[in-house]
Each structure stands twice: as structure tokens, then as C-alpha cells.
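Right, one structure below, let's go through it.
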Amino acid sequence: MKYLKYIAIASVALAFAACSLTATPNDDKSDTTPPDELVPDENLVTVTYKESNTIFANPERGFYKHFDCLSSSASALTASTVQAERIGNNVTLFYTGHYLTEFVKGDISDKYLQLFRKNMQALRDGGAKCLLRFAYTNDQDKKPWDATPAVVARHIEQLKPIIQEYSDVILCFQSGFIGVWGEGYYTDNFFFDPQTPEEHAKRKAVIDAMLDAIPADRQVALRTPMFKRNMYATSYTDTLTLATAYDGSAKARICAFNDCFGASEDDYGTFIGDGTREYWKKDTRYTLMGGETCGVSDYCTCKQSMKDLEDFHWTYLNQGYNASVLSRWESQGCMDDVKRRLGYRLSLTEVAVSKAPVAGENFRVKIGLKNTGFAAPANPRAVELILVDGNGKKTVFELKDVDPRYWFANETNFVDKVITLPADASGKCELYLNLPDPYKTIHDNPLYSVRLANDNVWDSKTGYNKIAEFKL
């Protein structure tokens with residue numbers, strides 16, 4: 001892909017109302033630092049854990065595979081391709097660029113809509129999600145570069161039912177539609193170099209339609225901080241906070257992508273000064289950040305890139321572009337760390353459970369979870385405790401008041417719950433922490449559950465992480 005040239009365990013089974021100790025610090029400097037260990041309790045048995053260095057696949061994060069679907073010569077993505085990328089490269093994300101070149105003056109054909117549906121089904125069957133983008137051309141030398149606002153609106157209307165149906169496998173919806181590659185620059189039908197909210201009006205109408213086309217728990221990514229500020233914020237200090245994050249507003253659902261990461265001092269026009277950088281640094285604490293590199297410079301050394309990946313809370317990157325930048329990271333020795341830390345990387349620090357468990361009675365579970373990734377999980381994720389007793393009976397405790405989106409980078413968070421053990425449970429019991437996708441369509445698919453970065457806890461068949469054993 002070319003670069004942009006902008007000038008610019010609490011369910012009904014809970015015995016009583018247990019509290020979650022998940023850390024949610026405020027944004028000011030008076031915040032207290034979350035504790036780095038569980039407070040000792042003589043009634044609990046505590047096991048400590050070390051983080052593993054293993055590189056492995058996890059949903060909704062990491063390097064992605066690029067896939068283009070052209071309207072003129074389109075072929076569908078297959079589940080086998082998706083599975084092969086996971087096995088061979090730990091890839092759980094695909095960038096899917098759908099080019100509507102043949103439909104720039106009219107409706108999308110039913111044939112192409114069904115092809116889009118096939119691509120989304122392949123992702124679901126193969127165990128991956130996508131960075132979804134639509135555009136009208138991938139060639140700067142071929143016009144038209146995009147469609148009229150009316151045609152774009154009609155296309156989003158046509159795509160909406162399929163987007164809704166497969167929102168479970170959409171990590172985020174990249175802005176697209178406007179300009180070559182959907183990156184918003186070379187445009188026939190939208191204000192070419194907008195500088196004010198008024199000049200962004202036509203573009204905002206497209207983004208509003210995209211926000212409407214996806215469920216409220218999904219985000220739309222804009223290519224520069226200037227776009228978000230002019231469409232959805234009053235200034236570059238008007239960023240999301242702990243109080244406004246995930247409140248369902250358009251502002252909270254607008255995230256970012258940078259397709260020229262580290263290419264120059266301003267990432268080839270992605271930024272127009274320190275204020276825009278600070279805006280994204282603060283905003284991406286609560287929203288998705290990703291994209292690709294596009295050229296070697298003094299700003300993509302390992303030292304600088306690792307700092308920027310952390311400061312801007314990066315979740316995903318293109319595994320194939322730019323090859324020279326990626327080779328530099330390999331030769332300078334930071335590539336493995338990038339692979340580990342893109343997005344979230346959660347690991348147990350310690351687990352404490354009741355010392356003398358009794359069937360039918362209260363049982364306390366305290367879990368410490370460290371996030372050494374660059375970002376928190378960006379989309380909603382379920383949290384469950386799974387008890388399997390000696391007879392193989394499984395009991396699920398849903399922790400509905402625990403939200404992993406607040407498990408921020410470089411913090412240790414705590415979950416403290418009391419559950420009621422089943423009265424008929426007996427024998428050797430195993431307790432698991434399960435972090436599945438909340439969508440019913442993929443909730444039970446272990447490929448969509450989060451693996452913790454500890455040795456000997458992950459069960460690939462179930463997607464569960466074992467945290468304790470005890471006898472009843």
C-alpha cells in the first residue's frame with residue numbers, strides 16, 4: 001500500500017456482591033499506582049507466576065496479512081489461507097481492502113456483495129478478524145479516485161447488512177471510501193485539503209454513516225489526528241478520558257491508523273506539530289491504533305520505534321510493508337519484542353484461592369494480571385471463571401463487571417471475586433480463567449479466546465487458562 005501525503009465471579013451464582021479490584025487510574029498526576037502484588041491473606045493459598053517470552057497468536061492484535069479484493073478480478077479469501085497464516089506466522093488479523101472500482105457510478109453488484117460476504121465468512125471459519133476498508137482505486141494514475149458523496153452513502157447502505165452480520169470478525173472499520181487507497185488524499189469529490197470543520201463536512205457525513213453501519217461496540221479509524229479534531233473534537237486537548245471512554249459517543253468510537261509510521265519527522269504529513277502527536281498519544285489509550293511503515297528514516301530505528309509504539313499504544317502492523325523498515329527492526333534486535341507487545345500481552349503474576357474449599361460454600365479467587373503489551377484490549381471481551389470438577393462437570397461464572405479494556409499497558413490489574421462452589425462438585429477440581437469473545441457466533445471458538453503469556457496454563461482445545469487446582 002502506498003503512503004499518504006497529507007499536508008497537513010459475578011453471575012447469579014455469586015454468593016454475595018463481590019468487588020472487582022481492577023485498576024482504573026485517572027488521567028491526572030495524582031493517581032495512585034496499582035499494587036504490584038496481592039495482599040497476603042492467611043485464608044488463601046497463593047501461587048506466583050512468571051511471564052513467558054514465547055511468541056504466539058492472540059485475537060485482535062499483532063501483525064496482519066494484507067488482502068485486496070478488486071471488483072474487476074476478485075477472488076475470495078479462504079478459511080485455509082486464514083488458518084495457514086495463523087499457523088505459520090501467528091497472524092490473527094487480515095487487512096481486507098475491498099475496491100469498488102466497477103461501481104463508482106452506481107450500485108454495488110449482488111455478485112460482489114456476496115464475494116464480500118464470503119471473505120467475512122472465511123475469516124470467521126479460519127479464526128481471524130479484519131481491518132475493513134473500502135476504496136475505489138489503488139492506482140494514483142487512474143481516475144476517478146473516488147465516488148460522489150451520494151454514491152458513497154448508497155454503497156455504505158448496501159454494505160451495512162453484511163457488516164452488521166459479520167461485526168464479530170471486524171477489529172475496526174478503517175475510514176476508506178475517500179481518495180486513492182481510501183486514505184483520504186487524492187480526491188475528486190471531497191474537499192482536497194480540508195483545514196476547518198466546515199471543510200470536513202462531506203467527509204464527516206461519510207464517517208457518520210460508517211459509525212451507523214457497525215455496532216456501537218466497534219470503532220472507525222481515521223488517518224490523521226487532524227481529521228478527528230476537525231470532525232469530533234473542539235481542540236487538540238479535547239481528548240478522551242477515563243470518564244468518556246467507551247461511552248458509545250461518536251468521539252469515543254473514532255480511533256486511528258497511521259500508514260506511514262516512522263517515515264519522517266511528521267510521518268509524511270500524518271502530524272502537523274507536537275500538539276497533534278500529544279492528541280493521539282492520549283486518545284489511543286482508549287482507542288485502537290495501527291497501520292504500517294512506509295519508508296526508512298532516522299525515525300524508525302529500534303530505539304525510536306519502540307518508544308513510539310508504546311507512546312501511541314499500537315495494536316497492529318502490516319507484516320509485509322515496508323520490508324526495509326521491518327528488516328531494520330530484525331537486524332537491530334527489536335522485532336521479537338514488537339511481535340510480543342503489539343496490542344495487549346496479559347500474564348498472570350499470582351493467583352490466590354481459598355485454602356479450605358467446601359462444596360456448596362463460598363470460594364474466593366484473587367487474580368493478578370500484568371499487561372506488558374503496548375495497549376489494552378480495544379474491543380469488549382468477556383471474563384469468565386470456569387470450574388471443572390472431578391466428574392468433568394463444568395460450571396461457568398461470568399464476571400460481568402470486569403472490563404479488560406481498562407487493563408492498560410504497563411499496569412498490573414487485579415480481580416477479586418467470591419463464587420459459590422456447586423453443592424454436588426467433588427474430586428479433583430480445576431479452575432480456569434477464560435477470556436472469550438463476547439459475540440455468540442465465536443464465543444465458544446478457542447481461536448478467539450485470549451491466551452495468557454505464562455507457561456503451562458493454556459489449553460488450546462478449550463481456550464481456557466488454568467489458574468488453580470484443589471480437591472473437594
Side-chain angles (χ1 to χ4, degrees), residues 1-3 55-71 73-99 115-135 138 163 166-176 181-183 218-219 221 255 257-261 288-294 309 314-327 329-330 335-336 338-345 373-375 378-379 437 442 445-448 450-451:
M1 191 186 308
K2 300 287 186 179
Y3 60 74
I55 297 171
F56 52 86
N58 247 338
E60 298 193 321
R61 58 154 302 277
F63 278 94
Y64 68 79
K65 175 70 174 180
H66 187 110
F67 175 80
D68 281 343
C69 186
L70 308 179
S71 59
S73 57
S75 58
L77 187 63
T78 65
S80 60
T81 297
V82 175
Q83 292 164 351
E85 282 295 327
R86 184 187 186 97
I87 295 169
N89 298 307
N90 292 315
V91 166
T92 65
L93 291 175
F94 276 68
Y95 166 91
T96 56
H98 290 82
Y99 286 93
L115 184 64
F116 171 41
R117 186 187 299 275
K118 287 181 181 179
N119 291 338
M120 302 302 282
Q121 186 64 47
L123 289 166
R124 187 185 284 171
D125 293 342
K129 298 197 178 190
C130 71
L131 311 159
L132 181 63
R133 193 193 300 183
F134 295 89
N138 61 356
I163 291 171
Y166 288 97
S167 58
D168 56 340
V169 292
I170 298 174
L171 175 62
C172 73
F173 196 0
Q174 291 191 347
S175 52
W181 310 289
E183 289 191 343
R218 288 298 187 261
Q219 300 174 23
C255 60
F257 71 102
N258 180 353
D259 277 356
C260 252
F261 174 58
L288 273 161
M289 179 74 210
E292 64 183 18
T293 62
C294 74
L309 289 166
W314 278 71
T315 288
Y316 62 88
L317 270 168
N318 189 345
Q319 69 168 2
Y321 194 77
N322 175 282
S324 296
V325 177
L326 302 180
S327 294
W329 290 351
E330 290 278 7
M335 177 58 86
D336 282 355
V338 174
K339 289 178 179 178
R340 292 186 192 97
R341 297 186 62 195
L342 278 172
Y344 60 86
R345 184 175 176 87
F374 296 130
N379 288 332
D437 196 287
I442 54 178
N445 187 336
L447 298 179
Y448 292 101
V450 170
R451 173 180 173 178

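Hydrogens, waters and symmetry mates are skipped; everything else that's a heavy atom, side chains included, is used.
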Could you measure the distance from the [atom1] atom of [X] to the [atom2] atom of [Y]? Nearest 0.5 Å is fine.
{"X": "Q319", "Y": "F94", "atom1": "CD", "atom2": "CZ", "answer": "8.0 Å"}
{"X": "D125", "Y": "Q83", "atom1": "CG", "atom2": "CD", "answer": "8.0 Å"}
{"X": "L123", "Y": "L93", "atom1": "CG", "atom2": "CG", "answer": "9.5 Å"}
{"X": "Y166", "Y": "N119", "atom1": "OH", "atom2": "CG", "answer": "10.5 Å"}
{"X": "L326", "Y": "T293", "atom1": "CG", "atom2": "OG1", "answer": "4.5 Å"}
{"X": "Q219", "Y": "Q174", "atom1": "CD", "atom2": "CD", "answer": "12.0 Å"}

Is a donor on one side and an acceptor on the other found under 3.5 Å between the side chain of R61 and the backbone of A378?
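Flag not set: sc R61 to bb A378 has no pair under 3.5 Å.
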
Evaluate side chain to side chain contact (heavy atoms under 4.5 Å, CB included) for R345 paired with F56, printing each intermediate quantity in order.
CA-CA 10 Å; R345 184 175 176 87; F56 52 86; 3.8 Å; yes

What is the minimum heavy-atom distance between [X] and [Y], and which atoms define it?
{"X": "L342", "Y": "G62", "result": "CD1-C, 3.7 Å"}
{"X": "E60", "Y": "N379", "result": "OE2-ND2, 3.2 Å"}
{"X": "L70", "Y": "N138", "result": "CD2-ND2, 4.0 Å"}
{"X": "L132", "Y": "T96", "result": "CD1-OG1, 3.6 Å"}
{"X": "E292", "Y": "N318", "result": "OE1-ND2, 2.8 Å"}
{"X": "A122", "Y": "L77", "result": "CB-O, 3.3 Å"}

Using the rule given for side chain to side chain contact (heavy atoms under 4.5 Å, CB included), can you reason through M289 versus N258, listing the C-alpha separation, both sets of side-chain angles and the distance that settles it, and then say yes or no?
CA-CA 8 Å; M289 179 74 210; N258 180 353; 3.5 Å; yes

Test of ring centre spacing under 6.0 Å for Y95 and F257:
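Judged by ring-centre distance (under 6.0 Å), Y95 and F257 do not meet the cut-off.
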
Is the Y321-H66 ring centre distance short of 6.0 angstrom?
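No, ring centres 6.0 Å or more apart.
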
Go through the structure and list residues passing side chain to side chain contact (heavy atoms under 4.5 Å, CB included) with S327, not counting sequence neighbours.
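Per chain and number, S327 pairs via side chain to side chain contact (heavy atoms under 4.5 Å, CB included) with no residue.
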
CA sep, side-chain torsions, deciding dist, call: Y448, V169, side chain to side chain contact (heavy atoms under 4.5 Å, CB included):
CA-CA 10 Å; Y448 292 101; V169 292; 3.6 Å; yes

Quick one: list whatever passes salt bridge (Lys or Arg N to Asp or Glu O under 4.0 Å) with R341, sequence neighbours left out.
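If we apply the salt bridge (Lys or Arg N to Asp or Glu O under 4.0 Å) test to R341, skipping adjacent residues, the hits are E310.
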
Check C172 against C255 for me: are their SG atoms closer than 2.5 Å?
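C255 does not pair with C172 as a disulfide (SG atoms not under 2.5 Å apart), so no.
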
Decide yes or no for [X] and [Y]: does some side-chain heavy atom of the first lie under 4.5 Å from some side-chain heavy atom of the second?
{"X": "P59", "Y": "Y344", "answer": "yes"}
{"X": "K129", "Y": "T92", "answer": "no"}
{"X": "E183", "Y": "R133", "answer": "yes"}
{"X": "F63", "Y": "M335", "answer": "yes"}

Would you please classify the geometry between the W314 ring and the F261 ring as parallel, tilted or perpendicular, with 30° and 60° separating the classes?
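Plane angle between 30° and 60°, so tilted.
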
For the pair I170 and M120, evaluate side chain to side chain contact (heavy atoms under 4.5 Å, CB included) and give the outcome as yes or no after the intermediate values.
CA-CA 9 Å; I170 298 174; M120 302 302 282; 3.5 Å; yes

